[in-house]
**Student:** 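My questions will all concern the structure given below.
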There are 4 protein chains.
Amino acid sequence: MSALHGDKQEAILDAAYNIFGTKGFYETKISEIAEQAGIAKGTVYLYFESKEHLFKAVTRRDCEQFLERLSHSVQGCAFEEQMHRMAGLHLRYHYERRYHSKLFFMLPNNDPELMEYMRGFIQRYTDFVTQVLEQARVNNASLHAKAFIGMLERLKMDFMFNQEYEEAELLTTVELAANLFLGGCRAVPIR
Amino acid sequence: MSALHGDKQEAILDAAYNIFGTKGFYETKISEIAEQAGIAKGTVYLYFESKEHLFKAVTRRDCEQFLERLSHSVQGCAFEEQMHRMAGLHLRYHYERRYHSKLFFMLPNNDPELMEYMRGFIQRYTDFVTQVLEQARVNNASLHAKAFIGMLERLKMDFMFNQEYEEAELLTTVELAANLFLGGCRAVPIR
Amino acid sequence: MSALHGDKQEAILDAAYNIFGTKGFYETKISEIAEQAGIAKGTVYLYFESKEHLFKAVTRRDCEQFLERLSHSVQGCAFEEQMHRMAGLHLRYHYERRYHSKLFFMLPNNDPELMEYMRGFIQRYTDFVTQVLEQARVNNASLHAKAFIGMLERLKMDFMFNQEYEEAELLTTVELAANLFLGGCRAVPIR
Amino acid sequence: MSALHGDKQEAILDAAYNIFGTKGFYETKISEIAEQAGIAKGTVYLYFESKEHLFKAVTRRDCEQFLERLSHSVQGCAFEEQMHRMAGLHLRYHYERRYHSKLFFMLPNNDPELMEYMRGFIQRYTDFVTQVLEQARVNNASLHAKAFIGMLERLKMDFMFNQEYEEAELLTTVELAANLFLGGCRAVPIR
DNA sequence: GATGAATGAGGGTTCATTCAT
DNA sequence: TATGAATGAACCCTCATTCAT
């Protein structure tokens, strides 16, 4: 029973991730999610209180996964390598999700709880990067962390909105981002 | 009549900018825009074909204005100064719009024309920065341009979602962004 | 415009009276009311905030009308005649409404405002009868008023639930009620 | 097993009586009844065919009980005393049920079988009172019976909708009702 | 041009009932 | 017998858009 529950819950989350991610919150119909999950519309409401709650659950699952991967990615390596790895994770993560971008762009408005969660997520991400920078004794670690993340956010746009983007470019972009951050725009790549 | 037309059109755009910017596309009602513009609901449709078209007109007006300001901002000064000015413009521009952030975050989904326009806008912005970088013989100008813009995008989040942000911090942030870009995270500020 | 407004509002109230009265609140669909009123579903909401509000408006219109008729009915006649007239009004009023009984029996539950209004209505009705009794120096006027109204309420049930009830019986019933009240169950009718 | 069956059936009826009586038919959820009865939702359907059938069973149990108590109440006493006893039973019965009034006011609409049963119940009640009156040679016994019951119905409203009603008032009301019926509104109480 | 009353498609949600276990 | 997860029909209400005035 519990296994089934888990299965169905996961199926709904997966379907919701797909459709919310593709069409955004407002253009997604619960009936469509149910259909894709292979269940009846009403069943969705056995697992999630409302459309908003479902959206939040999807978001939460995705963000928590990212943070977990992040903390694994930097273990046991030097600062420069850490920056490369974090840049790589960020870009690859969103590259994998490039057809689900609406999850980040089309969220339900006026949902304070979601807004709060997103703020918290960004904070935790930033804090993590800040710590890495502090350990490497970078000045102004917090602002630098934000700038670093920002660069990556922007660089990801290239494939988020570009269907023809090739994975090879991804590697170049990762290198550039890390190197730019480490040495500025005129630096000679370290590795 | 044409002058009047202009007046009313502007009034609608202004109201739409306010409400779309505050609440996002989906949570905005045409009737509310009409009310704030001081006209009847039906009148909106004499000037704009649909809610989507109105949103696009608002976006277009705002983005074009930005690009215009951008090209003015870098005239007649050296590279480093140009980077500082662009960082300043970007951040100040969004600082002024910090209570209208929904214009950029909550746009109508599934509108290919808008998506296309946004892509085009980002392209033109990037191209402009790329040119500046190329004139200064920075390598990989295009990717660097994207990274630069990305840093700024992220840094702007601080005040977009933070009501207590003080204008003074803005200046520090601008300096940091430009310096990071110019010399990397360990650079000594140039100016 | 105002005339039209009035017309449509009345049309909705009339249709709502018919259907709420026939089927009760919960079994009535707004779409049905709209259809009977000859308008679109959405139009109902231009005139009434919600299904509950519409029901309350219908109820209010009906109850106020009753109280108005009541105060007219007793003007300028002696006590015994007053009692006969009030009994007559009560029974005839509900006889006219015998196919709309659901208006009184199937109201929306848990609507405190409606409950409050109904309480108020009953109070006003009782108060009116109480005054008549007090002017005739009947003891315990208030309780007697309630008992009088109660008799009538019960007597009305005969035709409310009985399709074959004939109007002629109505007159007998009115006489009996008034005489019973005036002289008890063994009294010889006064008129 | 039969005993158990009985137990569970009773438990459901008790819970249903509570909730239907408190909230009315339409606002009551089967799941709530099941919960209060300490069983699973599906189990309700092993004992009762549908929500409507359950409601009817509750109503039937309550009404039959009343009629039984009624016939006991008048045994072996004189007419005047009989009227007092019946008034007392009616009012006390509903006083005990004053927090379950919805059982009588919010019944499922459009259920012909229930309507039929209610008609039958009222008939049986009326017939019983009629017989008592006939034995006492009251004229027009049937209509008088209805009027008597009606008085009581109305008088009961006082506590049905009034949380602060005190039991002491009940006795006064019973006296008044019986005396009014026996001697009219100007009568001197007999006992 | 301007109005705003009218339209009606559309979707989130509830809950009585079923049925596999 | 008992369960409770699953179903899906049903309905209220919103709001972009139209059009007669």
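Labels below follow one simple rule: chain letters A, B, ... track the order of the sequence lines, proteins then strands, and each chain is numbered from 1. These numbers were taken from a predicted model, which means no experiment stands behind them.
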**Student:** With respect to the side chain of A/Thr43, which nucleotide from F/dT7, E/dA6, E/dT13 is positioned closest?
**Tutor:** F/dT7
**Student:** Rounded to whole Å, please give me the gap between NE2 in C/His53 and C1' in F/dC13.
**Tutor:** 14 Å
**Student:** Assign the ring pair C/Phe66 / C/His94 to parallel, tilted or perpendicular, where the plane angle (0 to 90°) is split at 30° and 60°.
**Tutor:**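 The rings of C/Phe66 and C/His94 sit tilted, inter-plane angle from 30° to 60°.
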**Student:** Is any NZ, NE, NH1 or NH2 atom of the basic residue among A/Glu49 and A/Lys56 found under 4.0 Å from an Asp or Glu carboxylate oxygen of the other?
**Tutor:** no
**Student:** What nucleotide, of E/dT3, F/dC13, F/dT17, holds the atom closest to the side chain of B/Glu52?
**Tutor:**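 The nucleotide sitting nearest to the side chain is F/dT17.
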**Student:** For C/Ser31 and for A/Gly42, find the nucleotide of DNA chain F with the closest heavy atom, then tell me which residue's nucleotide is more 5'.
**Tutor:** A/Gly42
**Student:** In whole angstroms, how far is the P atom of E/dG12 from the CD1 atom of A/Ile19?
**Tutor:** 11 Å
**Student:** Distance check, rounded to the nearest 0.5 Å: C/Thr28 atom OG1 versus C/Asn18 atom CG?
**Tutor:** 10.5 Å
**Student:** Return the pairing partner of E/dA20 with a 3.5 Å limit on both distances, Watson-Crick or G-U wobble; otherwise return none.
**Tutor:**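 Pairing partner: F/dT3.
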**Student:** Ring-plane angle category for D/Tyr26 and C/Tyr26, please: parallel below 30°, perpendicular beyond 60°, tilted otherwise.
**Tutor:**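 Aromatic pair D/Tyr26/C/Tyr26 classed parallel.
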**Student:** Which class fits the ring pair A/Phe20 and A/Phe25: parallel under 30°, tilted 30 to 60°, perpendicular over 60°?
**Tutor:**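 A/Phe20 and A/Phe25: parallel rings.
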**Student:** Which comes earlier along DNA chain E counting from the 5' end, the contact point of D/Ser50 or that of A/Ser50, where each point is its nearest nucleotide?
**Tutor:**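 Nearest nucleotide further toward 5': that of A/Ser50.
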**Student:** To the nearest Å, how far apart are A/Glu32 CD and E/dG12 C1'?
**Tutor:**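 Between C1' of E/dG12 and CD of A/Glu32: 14 Å.
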**Student:** Roughly how many Å is it from CG in C/Leu54 to C1' in F/dC13, rounded to a whole number?
**Tutor:** 14 Å
**Student:** With a non-hydrogen cut-off below 4.0 angstrom, is C/Lys41 in contact with a base, only sugar-phosphate, or nothing?
**Tutor:** base
**Student:** Between F/dG4 and D/Tyr45, is there an OP1 or OP2 to side-chain N/O distance shorter than 4.0 Å?
**Tutor:**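 Looking at the OP1 and OP2 atoms of F/dG4, neither is under 4.0 Å from any side-chain N or O of D/Tyr45.
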**Student:** Could you identify the nucleotide paired to E/dG10, looking across every strand shown and requiring Watson-Crick or G-U wobble geometry with both distances under 3.5 Å?
**Tutor:**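 Paired with F/dC13.
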**Student:** Can you check the B/Phe48 CZ to F/dT18 C1' distance for me, whole Å?
**Tutor:** 19 Å
**Student:** Could you check how far CG of C/Leu46 sits from P of E/dT7, rounded to whole Å?
**Tutor:**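 Roughly 9 Å, once rounded to whole Å.
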**Student:** Within this structure, what is the NZ-to-P distance between B/Lys29 and E/dG4, rounded to whole angstrom?
**Tutor:** 17 Å
**Student:** Need one value for D/Lys51: base, sugar-phosphate or nothing, where a base atom within 4.0 Å counts as base even if backbone is also close, heavy atoms only.
**Tutor:**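 Result for D/Lys51 = sugar-phosphate.
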**Student:** If each of D/Thr28 and C/Ala40 is mapped to the nucleotide of DNA chain E with the nearest heavy atom, which maps nearer the 5' terminus, i.e. the 5' end?
**Tutor:** C/Ala40
**Student:** Rounded to the Å, how far apart are A/Ile30 CD1 and E/dG10 P?
**Tutor:**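 The distance from CD1 of A/Ile30 to P of E/dG10 comes to 18 Å, rounded to the nearest Å.
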